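The structure under discussion appears below in the form of structure tokens.
Here the structure is a predicted model, which means the values were calculated and not measured. So that the names make sense, note that chain A is the first sequence line, chain B the second, and so on, each numbered from 1.
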Amino acid sequence: MAELPEVETLKRQLLAAVTGLRWDRIDVVPSSVFRTPAKTLAAALRGARLARVDRRGKVLLLGFDSDLVLLVHLGMSGQILLVPPAEPGPRHRHLVTTLEDGRTLVFRDPRRFGFIRLARTAELAGLRELASVGLDPLDPGQTWERFIHDCAGRAGAVKPLLMSQELFAGVGNIYADEILYAAHIRPSRVAATLDPVEQKQLFHAIRDILTAAIESGGTSFDEAFTDIYGRPGLYGGRLKAYGRKGEPCDRCHTRLVHARVGGRSSVFCPHCQR
DNA sequence: AGTGCGACCTGATCGC
DNA sequence: TGCGATCAGGTCGCAC
């Protein structure tokens, strides 16, 4: 699924590969992923030129020269693929854009948990899709002091807090497990009970794990994510907790266990995560 | 403020 | 072989 590192990977690739190109033709398959009516969206974007690519948490923002912004969320099974001319497109397509050079940009999403919405730049601040998206964990404004302050009054478990998007936009189930493993903290720990050492470990783990995952091009678990060229991310081989229930902990060799925390499947080491 | 649901949706996997 | 049940995930909306 696409969390911050996967969306960041797509953003960088789209910036390098397709910015400046005109969207000559747009084919849509109307479905619930469109939060702007599919045909309206297609008509509005025809002939527009892609000028910018940004990311807010897990949301990808494609900015056009015409003051329009396309918001794309990949949900858990969404993909954006750059397909050479004349190559057949993949299944479950929702939006297919033919670029001026003949290649197509395809948004597909088998499980349709993602969404696509078109907005004007001036409307962005008021969109519900961005309303709960907080600071990026890799934003320089995300300081240690702010982090301590935000954790202090929290009565809930730390994992749902990490995944809430409100404090740290972009962390989902995979990286939440990885971050907590790296920080030696159990997913069910109440955030307000973290001592200063644990707070510091958590703060650094968030940045370290996400940065390393971006460097690997993200995680492809169950082949749910690929880059725009259809290639898997390489962080999957470096996962320490997610998807490893029953396997020995890399640090202490205790078997990793599974539990539900905040309704989410979680894997952790019962010995060295406290 | 928090938690814990169900809804959305499809494909993979499991038990029979 | 084939069927149905179960699970996974992000987000929203709702009840407590």
Side-chain angles (χ1 to χ4, degrees), chain A residues 1-8 10 29-36 38 55-61 71-80 90-95 106-117 126-134 136-137 149-180 186-194 210 213 218-226 232-233 235-236 239 241-246 256-268:
Chain A
M1 61 231 73
E3 303 181 30
L4 186 152
E6 290 75 35
V7 180
E8 181 66 23
L10 296 177
V29 183
S31 77
S32 60
V33 306
F34 287 94
R35 295 191 180 176
T36 301
R55 180 182 60 74
R56 302 253 188 105
K58 303 173 189 174
V59 181
L60 201 55
L61 303 174
L71 288 79
V72 179
H73 192 300
L74 297 176
M76 68 166 295
S77 62
Q79 282 180 292
I80 294 174
R91 294 180 65 204
H92 304 295
R93 300 187 295 269
H94 297 99
L95 178 69
V106 178
F107 173 80
R108 70 183 294 262
D109 182 8
R111 297 188 196 178
R112 301 189 207 165
F113 272 32
F115 66 76
I116 301 174
R117 157 163 244 151
L127 292 183
R128 68 185 178 95
E129 282 83 357
L130 299 177
S132 62
V133 178
D136 205 272
H149 173 79
D150 288 341
C151 282
R154 297 294 177 149
V158 67
K159 178 166 173 176
L161 185 64
L162 279 177
M163 292 177 64
S164 73
Q165 304 307 303
E166 157 206 350
L167 258 58
F168 305 98
V171 178
N173 206 31
I174 294 179
Y175 294 110
D177 275 6
E178 294 304 303
I179 287 164
L180 291 167
R186 289 197 188 204
S188 58
R189 271 289 293 283
V190 172
T193 69
L194 297 178
L210 295 176
T219 301
S220 299
F221 199 85
D222 289 344
E223 297 159 7
F225 165 79
T226 68
Y235 198 75
L239 295 176
Y242 182 85
R244 297 188 60 178
K245 176 180 77 165
L256 302 180
V257 298
H258 173 270
R260 282 206 172 265
V261 179
R264 285 280 158 254
S265 174
S266 308
V267 178
F268 64 96

Can you tell me which residue pairs pass the salt bridge (Lys or Arg N to Asp or Glu O under 4.0 Å) test with a partner in residues 164-173 of chain A, sequence neighbours excluded?
->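 For residues 164-173 of chain A, and leaving out neighbouring residues, the salt bridge (Lys or Arg N to Asp or Glu O under 4.0 Å) pairs sorted by first residue read A:R154-A:E166.
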So, using ring pair (Phe, Tyr, Trp, His ring centres under 6.0 Å) as the criterion, who are the partners of [X] when residues are at least two apart?
| X | result |
| --- | --- |
| A:F168 | A:F147 |
| A:H92 | none |
| A:Y242 | A:F221 |

Are OP1 or OP2 of B:dC9 and a side-chain N or O of A:H92 less than 4.0 angstrom apart?
->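 So the side-chain polar atoms of A:H92 never come under 4.0 Å of the phosphate oxygens OP1 or OP2 of B:dC9.
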Would you tell me if any nitrogen or oxygen in the side chain of A:R91 comes within less than 4.0 Å of OP1 or OP2 on B:dG11?
->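 Yes, A:R91 has a side-chain N/O under 4.0 Å of OP1/OP2 on B:dG11.
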Please name all residues satisfying side-chain hydrogen bond (donor to acceptor under 3.5 Å, both in side chains) with A:K58, sequence neighbours left out, ordered by chain then number.
->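 A:K58: no side-chain hydrogen bond (donor to acceptor under 3.5 Å, both in side chains) contacts found.
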Pairing residues for A:E8 by the side-chain hydrogen bond (donor to acceptor under 3.5 Å, both in side chains) criterion, not counting sequence neighbours |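 So A:E8 forms a side-chain hydrogen bond (donor to acceptor under 3.5 Å, both in side chains) with A:R12, A:R55.
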Measure across A:P232 and A:S220 and return the closest heavy-atom pair with its distance rounded to 0.1 Å.
->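 Closest heavy-atom pair between A:P232 and A:S220: CA-OG, 3.2 Å.
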A:V29: side chain to side chain contact (heavy atoms under 4.5 Å, CB included) partners, not counting sequence neighbours =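 A:V29: no side chain to side chain contact (heavy atoms under 4.5 Å, CB included) contacts found.
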All side chain to side chain contact (heavy atoms under 4.5 Å, CB included) counterparts of A:M76, not counting sequence neighbours =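 For A:M76 the side chain to side chain contact (heavy atoms under 4.5 Å, CB included) partners, ignoring immediate neighbours, are A:M1, A:R111, A:F113.
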Table of protein N/O atoms under 3.5 Å from nucleotides 2-4 of chain B N/O atoms:
from: B:dG2; atom 1: OP1; to: A:A155; atom 2: N; distance (Å): 3.3
from: B:dG2; atom 1: OP2; to: A:R154; atom 2: NH1; distance (Å): 3.3
from: B:dT3; atom 1: OP2; to: A:A157; atom 2: N; distance (Å): 3.3

How would you list, by chain and number, every residue that makes a salt bridge (Lys or Arg N to Asp or Glu O under 4.0 Å) with A:D177, sequence neighbours excluded?
->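 Partners of A:D177 under the salt bridge (Lys or Arg N to Asp or Glu O under 4.0 Å) test: A:K159.
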For nucleotides 7-12 of chain C, just jot down a letter per nucleotide in 5' to 3' order: B, S or -, based on protein non-hydrogen atoms under 4.0 Å.
-> -BBBBS
Watson-Crick or G-U pairs under 3.5 Å in DNA chain C, rendered as dot-bracket with [ ] for crossing pairs and | for another strand = .|||||||||||||||
